[in-house]
Structures are given as structure tokens and as C-alpha cells.
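Each chain gets a letter, A, B and so on, in the order the sequences are listed, and its residues count up from 1.
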Amino acid sequence: MSSLRITGGTIYDPANGIDGDVGDIWIVDGRVVEAPAEPDASADRTLDATGLVVMPGGIDMHCHIAGPKVNTARKMIPDEKRTAEPVRRTRLTRSGSGGSVPSTFATGYLYAGLGYTTAFDAAVPPLGARHAHEELEDTPVIDKGFYVLMGNNHYVMKQLAAGEPGRLKAYIAWLLQSTKGYAAKLVNPGGVEVWKGGGGNVSGIDDTVAHFDVTPRQIIRGVASTVQELGLPHPVHIHCNNLGLPGNHSTTMETMKSLEGHRGHLTHIQFHSYDGDPDDQSTFGSRVPELSAYVNSHENLTVDVGQVMFANTTSMTGDGPLGYYLHQVTGRKWFSGDTEMEAGCGIVPIVYKQKSLVHALQWAIGLEWYLMVDDPWRIAMSTDHPNGGSFLAYPEIISLLMDRERRREVLAGAPAAVSDRCTLKDLDREYSLNEIAIITRAAPARMLGLAHKGHLGPGADGDVTLYSPDDDIQRMFELPRYVVSRGQVIVDDAQIVCDTRGRTHYVEPEYDPDAVDDIQAWFEKTYSIQFRNYPVGDHYLQDPLVVPTS
Amino acid sequence: MAEPFILIPGRTSQQGTTLNEGKYTEGYRVEISTLQVAPEDMQRLELEDGDLVRVYNDVGEFTVPCITARGDELPPGMLFISYGDNSSRLMGGDTQGCGMPDSKGLDVFLETAKASE
Amino acid sequence: MSTTEAATETAPGLRVVQDATCTFCGCVCDDMELTVEGDRITKAKNACVLGKAWFFNHHVEERPEALIDGQPAGYDQAMERAAEILLSARFPLTYGLSDTTTEAQRVALAITDWIGGIVDTTTSVCHGPSGIAFQGVGEVTCSLGEVKNRADYLIFWGGNPAESHPRHFTKYSLMPKGEFVPNGRKDRTAVLIDVRKTKSAKAADHFLQVKPRRDFELAWALRALARGVELDPSIEETTGIPLETLEEIMDGMKKAKFGVILFGMGLTMTRGKHLNSEAVLALARDMNEHTRWSAKPMRGHGNVTGADNVVSWSTGYPFGVHLGSGFPRFNPGEFTASDVLARGEADAALIIASDPMSNFSQPARDHLEGIPSVVLDPKLSDTARTASVAFTTSTYGINTGGTVYRMDDVPIPLRPAFDSPYKSDLEILRGIESRIRQRQLAGSLPGPAVSGA
């Protein structure tokens, strides 16, 4: 038994209604426990947190950190990596490369160094699940998991077209079990299949996907309700059609409506909130007011932002046609990878510039989302790492949310037209530390259905971040004083002092075993590997955690 | 009299199968030590299957028996040999900054082994 | 899921392993049905000629566990000696890795990181130039099942799959019936481009015999035609292929619904190297303005693609990585194995499942022979013969489980057929790593570049 006491800190634990109270936190064998009754109780180790801000460990619910797409991006950008700050080997820790797509060991240490103890990769093709798990095993410290791409899966589309909800349900459960994935992810549902089948894309959610005779609306509606029936901890995670296109707000609105009241999480919503004519970038603008109003009035919806920050980064997506679009717009090197029966992928390096009207608008539209969703429990911080920017930009985003003057300074350096095309300059709201703790910890944990994460009540994982208060908010959040993961002090004064492995989270929804024959028959006809070699074995996950379905 | 050729080292299924039997088996040794020459060149140089030829460049050399390439597989002016110890002897260390030494399409000279003595 | 459940005992001493994986070439076919009698595989259903040779010839040989300076030694003693050699080197090279599991590769990366060495794989001397090209222009590609299900136009370029990847035609590319090409071969057009009219030419509809070292010019000619640029008929003199033929091919390429270029080492090993690969990758990319096209290098060794992946996720770079400064640095030509050996720089080597003594350039071989080396190989090789410490290992896929990445980056589990008395690469490398770490953490050795986070 090992114990840790964090004493005298100013605690922000919104899930338990604690907003800046001074108190102690006790962690025994990796879990938060009630403070012992006896007054002279002692712990194996005590951290004096007097004067420090104490929050649960950060949770990134939408990032790209492992698997085929991420690793391909790493291979592709030595030009960027060459000048990026590396992570140096220490006596205890492995070395790595940094930049927009850090290597695995670097990813774990950098997240930990930022006070984040949990991160979920948002897009893994099932055929690459084994690969994603291997990388996650080499991603130290943080707890993790991934979402499984399903929005262009042939079997999913065939069952929807055939009106076979039972088979669809069994398949989604079987697929999550086979991949040891955490949630169902839709990426440009139907549109990626159109791209794979000869080029092009869908233009809206009611286009028919050739050969499969199904529409994006059917896919969204069908998977959302099935996920809910299966009782998965996280609802369907949706990357809408038409990402990045001027005028895509109507697709996004239709997508929200297509859920028909079922729970759904709309990811990197910033990229889906644009006004304008798809064929004319100069008409670009914000439609956040009406979209956020819809989210505010519909309890079944949650979002994460996908904030754009001005920097060099790498766009990586399961949205194959989007990759082609970005390649055409930027003229830069382009990777596209189609995975049989399942998914697509696009990767293009990209630079977001403050002086670009479109980029500055994207930045402003992201901030509009943070500031216009009334209930912080329904919005999570993300950059869609690395698509809008690196996760290392979170402290800067926090400072922008907590300081309207800082937002206005940045706005002043952007093209003047930005303020005509969005409402950011009129938004006075400033986030409190409690609200920051919600959108970076408590809310993502709740959206993910992780009862043991995102709070500091008894039973929670002993994941704690301690910050030194600083007038410079960004600096405060960039350099936590201590970071604790499951009761072990990982970061002490910006040094990694302990190397741990972290746990992979996945789900095991039940399914009708009789449904497997049909899946197998389809699989054996279509795939290029053997059916029995498809499921990921238990030995790929060290110390995994199955999160129960409800 | 030595003549210029272009040497293409490559894989063959024979090389692949004998490799598995072991690199010290007769099959593998024969496979990586036999030079294929186009029929026209064999005729012109008055070579018979099994004649020893010396192949060299500024890096190194090897002397192996030659054999007539099948049908029209190899155009005149080109030689083929299975990858292995012999072909490596003609590979220089320079990779022109890319990590890969010139390993195919090597400029070489060929002469009958008798002539070199 | 256990990988051993596959074995079913059909008669005393006779077992059948279903869905086993052949790791000989980059096809990594996982539909093998192996009949095992004791410690021998006697049947390998579905295996090609290379696969059969692989399965039938990897039986347990009577060799010592290890040799230290040519003298038989036990594993413990050899692992101690290996750790000493690697720790005392100032510029150690880790090389090979393409014929072992990703699990073992990961430990080799750890060792190299801890000792601050260079890690390079056989990629640098097969499709390394394609990796460099990829970094220049990117790649439009797909999994082999996409080729099987969709491809109606195939170009094989600078390779001879009939001999190097015998089942590629039948299982993945040319012959199979697929979801969108229901008639299989009849629905596909196939072109072979090579300097030699190899056995693969028989399988193709069109054979283009390119002049040696003119692949670059040929690829650019096709790129020009794709863009509608008029070409001078003298292109025939340059490339060996008449303009009308090129125009006819381009016409077919544009009319295809889903085309794939599968290219081999005829491009990467010839003058031009990465520029050749880059031209072909760019051609496939450009074709997406007309219809869907992909390109894919035909990777060689069983798990060379896994090696690329492990080196990339561990360091951020695919091969030729220097860890001596305390963090990864990448520079082909500077940190690639051929170069650090041929220039006489490396002062020790850890070589895993590879035989550079028989296939590296002469100057590289001359240097490798003179430095201390630790070699892991199931079979005796020229490299093992000159090693300071040579470990006899079990064979991946035959004796040990683990993971192998197919040439299209699809990871596949192994189902071993029978036990070997010898340790696996993974076990030996772990033994070496733990000995290195014990010494480093005990502080008996200064260890390399220890610095702040």
C-alpha cells in the first residue's frame, strides 16, 4: 500500500462542487480516498500544496497521438522535426522528437509535463487497431484509448441500407471488442467512401453513397441510436461532412438535427461553423451564433472545439477527400491512405497565419464557441491536436479564455475584416479557474463516461495537477509545479521524476454470438487478412481497463 | 578484351528458396555465383554456358561461370546476377547522401577469365 | 486472444496450425495451414515456393546458444558480454531489424536510445530512397485489400513480383475477384515496366522495356502526358519506349477507375534513387486530378515495414537515426548504416536478423569485420561468423509469436508452429537491455548525455 497526501492546496474540483476551497487530498494505491478520521494520520509522502492551485489531471478527449495516420505523419515531416525542440533522454526517460507530431515517448512526457494525465486518440481504422495499441504501449505516463472509425465501414452501410438494425448493433459491439476501442467515430460519413470509390465527396447529408445506397443522414442516425442502445460510455463521436468548407454550417445544423434527440458529440466544431460560398473563400465567415444557440437548447449534444492557433502544424484526418482539398489549397505534400472496407486518411502540413483572413477567422470562430456555449459542461477544450494546433497550445488557449484583453490584442493583429465576420470582439465573457477545470477535466470525463476521471472525490484515479498561481496565466498552465498520476508524482518542477506506463481504456459491449457468422462471411469475402487474425489480443494491452457499458 | 556492360543484381525465386536452405549450401552458392548474359552477347563473345568470366569495376571484381539468359529476358549489353556476396563486391561505399549505395545498374567490365590471366 | 489456440492436434505428434503467417517476404500472407510433426513443418498449405522453402528449412539446428569470439557460450554469459561491448562503445550502430517482431524491434530501439547509438534498418538499403521521396512529395496509397477490391489498372514498375513476391498477383493484386472488380483478372489491365523482360512480363497485358537508368525520365514523360503536355518523339530514344505506347498507356490510366503503381527496387537501387521514387509517387498523385490512383512500394523482408513503424514512432524518423546527442537526429547518408560503416565511423555494432557481411558494399564490410559486434540470427551467416558475440535465436513466426507489419502497414499477429530450444530475439534483447540498465542506473558507468527534461 502506498499513500500520498496533498495538503493545503486551493482545490478546483467542479464535479464535486469544490470551487477554490483549501483542503487536503489523500491518495491510497492510486485512488483518491476520504481523508482519514484520525487527526495524526500520515502518508508515505506528503506534498505541501500551500498556495498552489489543485485540479484533477487534464483530459484530452480528442487528439491524434497513435496509430497508422499519426505515424505516417511523423515519417513525413523531418523538415519540421529538424527545428522542433526535442525531448532529451534522461537517466530515467527515453528521448523523442517534438514538433506538431511528437514521437510516442515524447507525447507521453509532454502531456504529463502539461498536467494532462489522460488522452484519447480520435480516429483509428479497425485494421490499424493493433498498431495503435502498440504505440499506446510506448506512450508513457498517460492513460489512453481510441475511437474506432465506422462512418464509411462497408458492413455498417450495408446493414443500414438493408434495414438490419440487429446486425448493425452486433457488428458495432463486435468491432469495438475486436479492436479494443473505446467509442464509435464517424468521419465524413459516406463521403470518404465516395472518395475511395473514384474520387469526389458528398455535398450534404442527404446525398446517396453510390453502390451502398445509403445517405450520411442514415449513417449518423443509425450509429447514434445503436451506440445509445449498446449503452456505451461515450456517445457517437461525429466529424461532420464538409469539414472546412465555407458554408458548411448548414451541414452541421442538419447533422445535429439528424440525431433526432439521440446523444451525440460533435467534434472540432470550429471547423464546421462557417458561413459563405463553398467555391469562394472570400465569402468566409462565422455562423457560431446560431449553431451554439442550437447546442445550448439541445441537451443531447456536446462539442469539443478544435481551436486553430497560429503556428506550423500538420493536418491529419480520416477524411480522405479533405486531405485532397487541403493539398489543392496549400499545394503542399500530401499523403492519402485508403483502408479496405473501413476508412480513408489524409495528411498535409499546414501553417496557420494570423495575417490570413481565413486562418484568423478560424481562430476567432473557435473562441466564439468557447464563449457562446452557456454550459461549460457541454464543451471540451481541444485543438484537434495537431490539426488546429499542438496540445501544447492549451495554456495559451486558457489564457485567451480567461483574459478578454489578450484576445483583443491578438484580434488587433489580424485582418480588420475578421471583426466584421464574427462576433468575437463583442464577447466579454472571461472563464474562471473553475470553468477551466470543467472544460479541461470534468466535462471531458463526463462526456467520455469516465466515472473515475476528471474529479478528486473518493474512488477517483489519483490524477492531480498542481499549479503555482501566476499573473501570467499561460505560464502558470505551461509549467505545473507537480503532476501526479494514479498517486505517483510524475512531474516535479518541470522534471519527469518517475516513468510509468498508463492504462489503456476500452469497452466490451455484449453482442449476439450468432451474428458473427454473417460478419465472418462478409469479412472472408472482402478483406486481405484472415478473420481470426483481425481481433487484437489481450497481450497487446498491459494493465488495461474495461469501462463498463450501462 | 574487356567490354563495358550494365550489371543488374536482383532477386530470383531460386535465390529466395536456397537462401532458406542456408547460405552455405551448394544451391545458394551456385545461385549467387552465376552470371546471366544475353544470348547475343554470349554468341558475340564466343562464350559457352559454364565459361568463367571476370566482372570488375573500380570497386572490386568477381570471377564466376556465365550462363545464357532465358529467351528475351535480358537485352544485349546487360548482365544479371542474384544478389549476394559477388554482387556486393562491386558496390562502392558512396551513397550520394541517401544511405543506399548504387546496387543496380552498375557500370562494369566483363572479360573472359582466361584473358585476365 | 491467444495465438496458440489455433493449433489442433490431429494425430499423436501431429498438429495443424491454421491462419499462420509467412514472414519471408513483405506480402506477409497470413493464411498458411501448417502441418507440424514434432519440430518440423511438413506441409505448408497456401504457401508459395518461397514460403515453402521458409517453413521447411527452419528446423532446429544443433548449435551452441551463443559464440563469444568463436567459442561456445551460454546465453547469460553472452548477454553480459554483449552489454559490455555496447556500453563501452562511443559510436555503436544498431542495424537490421526487418526479420524480427515489432516487440523485439521496440527493445532494440530502447537499447540504442539508452546507449546513445545509431539505429538503422534494412530499409536504408531497399526502399529507404522511397522513404526519402515520401518526405518530399507525400504518397497516395492504400491497403492491399483496396487493390484487391477496386484496382482496375495496375502498373508494376522496377520489380519482379512473380519471383520476389510470388503470391502478390494471386492474392492481392492481379487475379483476385473483388467487390468492385467482380471478374478479377478480366476487370484489370496490367502493365510491367522493367529493364529486363522477367517472368512477371507473362502476367502483364503490356510490357514496357525501359532503358537502364531511365526510369526517372519515363516517369516524368508520363507526368507530362497526364498534364496534357506535348512530348517530342525523341522520348523513345531516351527511355526506349515509343511515344505512341506512352500515350496509349496514359489514355488507359486516365480511363481507369482505380489505378495502382506497385514499384520495386529497380527504382530505388539505380542511379536517381529517391528521385526515381519521387517521380513515380508524384505521377500517382497527379493522376488523382483525373481519377483515383495510388502507389505503393513493394517491400521486401517480412517485417521491414514494422521496423519503419517502430523506428518512426520511437524517434519520429523512419531509419538512419542518431541518438548520440541525447535526442533523435535524422540524416540519410550521415546516419545510415552503409555510410557509417563505409566511412569507418561505427566502433561497435548490434545486428539483428540481418547479414550485412554478405550484402553491404565492400568498404562497409571491411570495416564491420574489424569492430566488435553482437549478432542475433537463427542461422549461421557471414555476419555471425565474424561477430564478437553471436546469438543463436529461434525464428519469428515459426517458433515465436509477435507482430509483423505487411508491406501496406497492416499489422498481423504470428502463430508459431513449434517451440525452439533457443531464445527469441525479444528475450535476448531484453536480457541485454536489462543488463545495460542495471549498470547505468547503478552509476558504475557514466552513461550517455544525461540531461534535464
Max heavy-atom pair count under 4.5 Å with chain B, selected residue of C:Q209, C:K52, C:R343
C:Q209

With C:T383 as partner, the option from C:D377, C:N359, C:V375 fulfilling side-chain contact (heavy atoms from CB on, under 4.5 Å) is C:V375

Looking just at side-chain N and O atoms, do B:T12 and B:E31 make a donor-acceptor pair shorter than 3.5 Å?
yes

Among side-chain atoms of B:T95 and C:D339, is any donor-acceptor pair under 3.5 angstrom?
yes

I need the residue from B:K23, B:Q15, B:Q14 with the largest number of non-hydrogen atom pairs under 4.5 Å to chain C.
B:K23

For chain C, which of B:G16, B:P9, B:G10 has the most heavy-atom pairs under 4.5 Å?
B:G16

Checked C:T336, C:V340, C:L341, C:T123 vs chain B; the most non-hydrogen pairs under 4.5 Å come from C:T336

Counting only non-hydrogen atoms closer than 4.5 Å, does C:F55 touch chain B with its backbone (N, CA, C, O), its side chain (CB onward), both, or neither?
neither

Among B:V55, B:D102, B:D58, which residue satisfies the side-chain contact (heavy atoms from CB on, under 4.5 Å) criterion with B:L90?
B:V55

For the pair C:R299 and C:D308, find out whether any cationic side-chain nitrogen is under 4.0 Å from an anionic carboxylate oxygen.
yes

Greatest number of non-hydrogen atom pairs under 4.5 angstrom with chain C, of B:L19, B:D94, B:V59, B:D107, falls to B:D107

Out of C:E61, C:Q362, C:K379, C:H274, which one racks up the most heavy-atom pairs below 4.5 Å with chain B?
C:Q362

Please identify, among B:D72, B:N86, B:L74, B:L106, the residue contributing the most non-hydrogen atom pairs under 4.5 Å to chain C.
B:D72

Taking CD in B:E3 as the centre, count heavy atoms belonging to other residues, nucleotides or ligands within less than 6.0 Å. Is the count above 12?
yes

Quick one, C:S277 and C:F134 - any side-chain contact, counting heavy atoms below 4.5 Å?
no

Quick one: what part of C:R196 sits under 4.5 Å from any heavy atom of chain B, side chain, backbone, both or neither?
both

Select one option (side chain, backbone, both, neither) describing which atoms of C:R385 are under 4.5 Å from chain B's heavy atoms.
side chain

Could you report the tightest heavy-atom contact between C:W54 and C:T23, atom names first, then the distance?
CZ2-OG1, 3.0 Å

Heavy-atom distances under 4.5 Å only: say whether C:H165 touches chain B with side chain, backbone, both or neither.
side chain

What residue, out of C:A342, C:A162, C:P332, has the most heavy-atom pairs lying under 4.5 Å from chain B?
C:P332

Atom of C:S361, atom of B:G93 and distance for their closest heavy-atom approach
OG-CA, 3.6 Å

Please determine, among B:C98, B:G77, B:G60, B:G97, the option with the most heavy-atom pairs under 4.5 Å with chain C.
B:C98

Looking only at heavy atoms and a cut-off of under 4.5 Å, which of C:G128, C:S381, C:S164 has the most pairs with chain B?
C:S381

Chain B contact via C:L50 - which portion, at a heavy-atom distance below 4.5 Å:
both

C:C126, part contacting chain B, at a heavy-atom distance under 4.5 Å
backbone

Would you name the heavy atoms of C:T392 and C:P378 that are closest together and state the gap between them?
CG2-O, 4.3 Å

What residue, out of C:D194, C:N331, C:T268, C:V195, has the most heavy-atom pairs lying under 4.5 Å from chain B?
C:V195

Sub-4.5 Å side-chain heavy-atom contact between B:V53 and B:V37
no

